[in-house]
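The structure appears below as structure tokens.
Chain letters run A, B, ... following the sequence lines, proteins first, then strands; residues in each count from 1.
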Number of protein chains: 2
Amino acid sequence: MRNMSDIIEQYLKQLIQDSGGEVVEIKRAHIAEKFDCVPSQLNYVIKTRFTNEHGYTVESKRGGGGYIRITKVETHSKTEYLAHLKKLIGDGVSEQNANRLVQSMFENEVITIKEAKIINAAVERETLMLELPFRDTLRASILRRIIDVILYSEE
Amino acid sequence: MRNMSDIIEQYLKQLIQDSGGEVVEIKRAHIAEKFDCVPSQLNYVIKTRFTNEHGYTVESKRGGGGYIRITKVETHSKTEYLAHLKKLIGDGVSEQNANRLVQSMFENEVITIKEAKIINAAVERETLMLELPFRDTLRASILRRIIDVILYSEE
DNA sequence: CCTCTTTTGACCTTCTTTGACTATAATTAT
DNA sequence: ATAATTATAGTCAAAGAAGGTCAAAAGAGG
């Protein structure tokens with residue numbers, strides 16, 4: 001793969017899978033050493049690839065016996081999961097976060113890849129042709145409506 | 001041969017063929033060096049010879065480990081039909097006409113019922129929260145973008 | 001000549017990597 | 001108990017590594 005951050009991302013996701021698909025607990029320094037990078041790179045990876053929008057929760061503790069725990073958000077109940085996403089969207093959402101949400105929905109098999117592309121296209125910056133902050137508001141509105149539709153058509 | 005852009009075009013198409021005829025991933029700077037031209041020439045080549053209309057999709061990423069990926073898309077039989085729809089949409093479209101278009105796409109099996117619902121949700125009056133005539137303009141923009149991804153993301 | 005296409009380069013934006021400095025928790029020494 | 005030390009993790013900004021944009025200059029064709 002292309003770069004260290006991507007590699008570490010994959011590694012962590014594998015760890016989650018291997019441990020039952022829900023959670024993983026790591027030592028920051030340990031992973032950093034394994035991949036021969038600075039510890040703070042782990043923070044970067046987490047901040048860009050394991051956000052709420054991506055469907056993860058991260059907890060950590062400093063000091064002796066410290067750790068970083070990454071938990072995958074429960075998606076067994078599609079209803080709750082989608083309600084959760086709607087909450088994250090709120091009244092406004094950036095394109096970056098929107099993409100993360102869509103990615104998460106795809107990974108959780110709520111939508112297909114084609115649906116993901118359609119949704120992303122609908123909320124792209126260029127498509128929405130508006131200035132901030134209206135653009136983020138509109139994007140949120142569109143996404144919330146789409147999620148509603150997905151909720152309906154599941155039943 | 002005639003000029004650098006044509007040569008690079010041929011080279012890239014050859015690369016796609018050699019790798020199974022579907023996709024190629026390059027480093028812009030690397031190709032530029034190979035042909036002893038400025039990196040931005042690659043952008044020119046891509047913009048003039050690997051467009052959607054030519055049957056290609058281009059994705060890219062900046063920063064460390066960056067790349068440009070060119071994917072060849074089978075131009076399926078629906079191409080003309082969708083181009084026609086885009087023309088109909090033009091710079092503005094009412095909700096009613098939008099719904100008709102979406103319905104038509106569904107009936108022509110260009111999209112699934114769920115995709116139809118998603119698209120309709122995205123362009124609803126309520127969702128778009130704008131006054132006329134901006135609303136119709138925005139709706140047109142969204143629909144045109146969506147048709148593009150439908151056209152060029154097939155299979 | 002005039003127009004269209006190609007070539008170039010300066011400047012911009014985005015993403016990643018790195019490291020110095022900070023914050024917090026546990027352990028050990030006083 | 002309290003203080004000092006050690007072990008972790010977090011933050012933030014600078015440096016580095018790509019790719020993107022745009023318009024001027026150069027070239028090709030009619």
### Task
Specify the closest pair of heavy atoms between B:Leu138 and A:Met129, including all atoms of both residues, with the distance to one decimal.
CA-CE, 3.9 Å
### Task
Let me see the working for A:Arg145 and B:Glu126 under salt bridge (Lys or Arg N to Asp or Glu O under 4.0 Å), right down to the final yes or no.
CA-CA 9 Å; A:Arg145 271 302 286 136; B:Glu126 293 282 294; over 6 Å; no
### Query
With the sugar-phosphate defined as primed atoms, P, OP1 and OP2, and the base as all remaining atoms, what B/S/- string results for nucleotides 15-25 of chain D, 5' to 3', for protein heavy atoms under 4.0 Å?
--BBBBB----
#### Entry: Residues A:Ser104, A:Tyr56; criterion side chain to side chain donor-acceptor pair (under 3.5 Å); working and verdict
CA-CA 9 Å; A:Ser104 166; A:Tyr56 295 90; over 6 Å; no
### Task
Check every strand shown and say whether B:Arg69 touches a base, only sugar-phosphate, or nothing at a heavy-atom separation below 4.0 Å.
nothing
### Query
Is it the case that one hydrophobic cluster holds both B:Ile89 and B:Phe106, taking links as side-chain heavy atoms less than 4.5 Å apart, direct or via other members?
yes
### Query
Given atom CG of B:Asn3 and atom C1' of D:dG29, what is their separation to the nearest angstrom?
13 Å
### Task
Decide whether A:Tyr44 and A:Phe50 are clustered together by the hydrophobic rule: side chain heavy atoms of Ile, Leu, Val, Met, Phe, Trp, Tyr closer than 4.5 Å, transitively.
no
### Summary
Nearest-nucleotide check on DNA chain C, B:Asp36 vs A:Asp36; residue mapping nearer the 5' end is B:Asp36
### Query
Through what angle, rounded to 10 degrees, does the axis of the helix from C:dC1-D:dG30 to C:dT30-D:dA1 turn between its ends, using five pairs per end?
10°
### Query
Can you name the closest pair of heavy atoms from A:Arg139 and A:Glu95 and give their distance?
NH1-N, 3.2 Å
### Task
Ignoring hydrogens and angles, tell me if any N or O in the side chain of B:Arg144 forms a donor-acceptor pair with the backbone of B:Gly90 under 3.5 Å.
yes
### Query
Any chain of hydrophobic side-chain contacts (each under 4.5 Å) joining A:Met4 to A:Val38?
no
#### Entry: Residue pairs fulfilling salt bridge (charged side-chain N to carboxylate O under 4.0 Å, His left out) with at least one residue in residues 66-76 of chain A, sequence neighbours excluded
A:Glu25-A:Arg69, A:Glu59-A:Arg69
### Message
Would you say B:Ile113 ends up clustered with B:Ile118 if hydrophobic residues are merged whenever their side chains have heavy atoms under 4.5 Å apart, either directly or through other cluster members?
### Response
yes
### Task
Pull out every residue in residues 123-137 of chain A that has a heavy atom closer than 4.0 Å to any atom of DNA chain C, ordered by number, or say none.
A:Arg125
### Task
Decide whether A:Arg100 and A:Asn52 meet the rule of one side-chain donor and one side-chain acceptor closer than 3.5 Å.
no
Expected list for residues 13-22 of chain A: side-chain donor-acceptor pairs under 3.5 angstrom, two or more places apart:
unit_1: A:Lys13; atom_1: NZ; unit_2: A:Glu9; atom_2: OE2; d: 3.0
unit_1: A:Gln14; atom_1: NE2; unit_2: A:Asp18; atom_2: OD1; d: 2.9
unit_1: A:Ser19; atom_1: OG; unit_2: A:Leu15; atom_2: O; d: 3.3
unit_1: A:Ser19; atom_1: OG; unit_2: A:Ile16; atom_2: O; d: 3.1
unit_1: A:Ser19; atom_1: OG; unit_2: A:Val23; atom_2: O; d: 2.7

#### Entry: DNA chain C: 5'-most and 3'-most nucleotides touching chain B, 4.0 angstrom heavy-atom criterion
C:dT5 to C:dT16
### Query
Between A:Lys114 and B:Glu115, is there a salt bridge with N-O shorter than 4.0 Å?
yes
### Message
For B:Val38 and A:Thr48, find the nucleotide of DNA chain C closest to each by heavy atoms; which residue's nucleotide sits nearer the 5' end?
### Response
B:Val38
